[in-house]
Every structure is written in C-alpha cells, then in structure tokens.
Amino acid sequence: MTMLAINWGNAFLITGVGFGLVFTVLVLLIFIVKLFGVIFVQKPKAQAAVAAPAAVEATDETDMAAIAYVLHTFYNQHDEESDVLTIRHDDVAYSPWNQKSITF
C-alpha cells in the first residue's frame, strides 16, 4: 500500500521542472558562450599595402645551399634504430608499491 501513499502528481511535476530547468540552463549557456565568441573575436585590421622586398638575386652559392639543405632533410628524416629493446629494469629493495606486508 506504500505505492498508493505517494503523490504521483507532485513527483512528476518536480521531475519535469527539474529536467526543464537543466535543459533551459544548458541552452542559455550555449547562447552565452556564442555571445562571448562574437564579442571577443578579433577583427582583422585593414593592413596598409606593404611594399614587397626587393628580390634577392640568386647566386650559385645560394642554389647549392638550398640543394644541400633539401638533400639533408630528405635523407635524414629518421634515425636508424636497432631491433634491440633497451628497457632496463632496476631492482629496488624498498618501494612502497611492493610492500605486501601493509594491508588495509
């Protein structure tokens, strides 16, 4: 008979108001975040026409340096690695993680 003692009308009303309040606050927060995005966005300033720097005349030295750099980066992308694992296990006499005598 306990089921009959519950006022289901009030229970559903409180549940509905709770869910409605949560979703209303979430939608309100979405609008606040979007409003902050609109307010604090940095608008690009009109940039004055910047004169292009004079083109540097390419010489044989700059060509050779560019080619050397490209070859260096192409052939030295990764270090050569051996197939030997280098994991070291150091046995420590005392470690709080290894103490089996401490029980809680």
Side-chain angles (χ1 to χ4, degrees):
M1 288 294 163
T2 333
M3 289 289 272
L4 298 176
I6 297 174
N7 188 353
W8 288 103
N10 285 343
F12 287 135
L13 179 68
I14 291 171
T15 303
V17 168
F19 276 106
L21 183 65
V22 166
F23 285 112
T24 303
V25 169
L26 286 175
V27 170
L28 183 66
L29 284 174
I30 289 171
F31 285 124
I32 290 173
V33 169
K34 287 189 181 271
L35 180 67
F36 278 141
V38 170
I39 291 173
F40 292 116
V41 69
Q42 294 181 359
K43 296 183 169 101
K45 296 177 182 175
Q47 296 179 356
V50 177
V56 177
E57 187 174 320
T59 61
D60 290 335
E61 291 175 354
T62 57
D63 291 341
M64 285 190 281
I67 292 170
Y69 176 73
V70 169
L71 290 174
H72 174 72
T73 55
F74 180 74
Y75 286 117
N76 294 328
Q77 287 182 356
H78 299 286
D79 295 335
E80 291 184 24
E81 297 177 7
S82 64
D83 294 333
V84 178
L85 293 177
T86 57
I87 299 172
R88 294 182 194 161
H89 179 70
D90 295 331
D91 290 328
V92 178
Y94 171 76
S95 173
W97 297 102
N98 291 339
Q99 288 188 348
K100 305 286 191 277
S101 62
I102 299 176
T103 56
F104 294 102

Contacts of Leu71 meeting side chain to side chain contact (heavy atoms under 4.5 Å, CB included) (sequence neighbours excluded), chain-then-number -> Ile67, Tyr75
Hits for side chain to side chain contact (heavy atoms under 4.5 Å, CB included) against Leu26, two or more places apart or cross-chain, chain-then-number order -> Val22, Phe23
Val33 with Val41, same ILVMFWY side-chain cluster at under 4.5 Å: no
Within one Ile-Leu-Val-Met-Phe-Trp-Tyr cluster: Phe12 and Ile6, side-chain cutoff 4.5 Å: yes
Nearest 0.5 Å, please: how far is CG in Leu35 from CG in Leu29? 12.5 Å
Write down the atom of Val70, the atom of Thr73, and the distance for their closest heavy-atom approach. O-OG1, 3.0 Å
Picking from Leu21, Val17, Thr15, what satisfies side-chain contact (heavy atoms from CB on, under 4.5 Å) with Phe19? Thr15
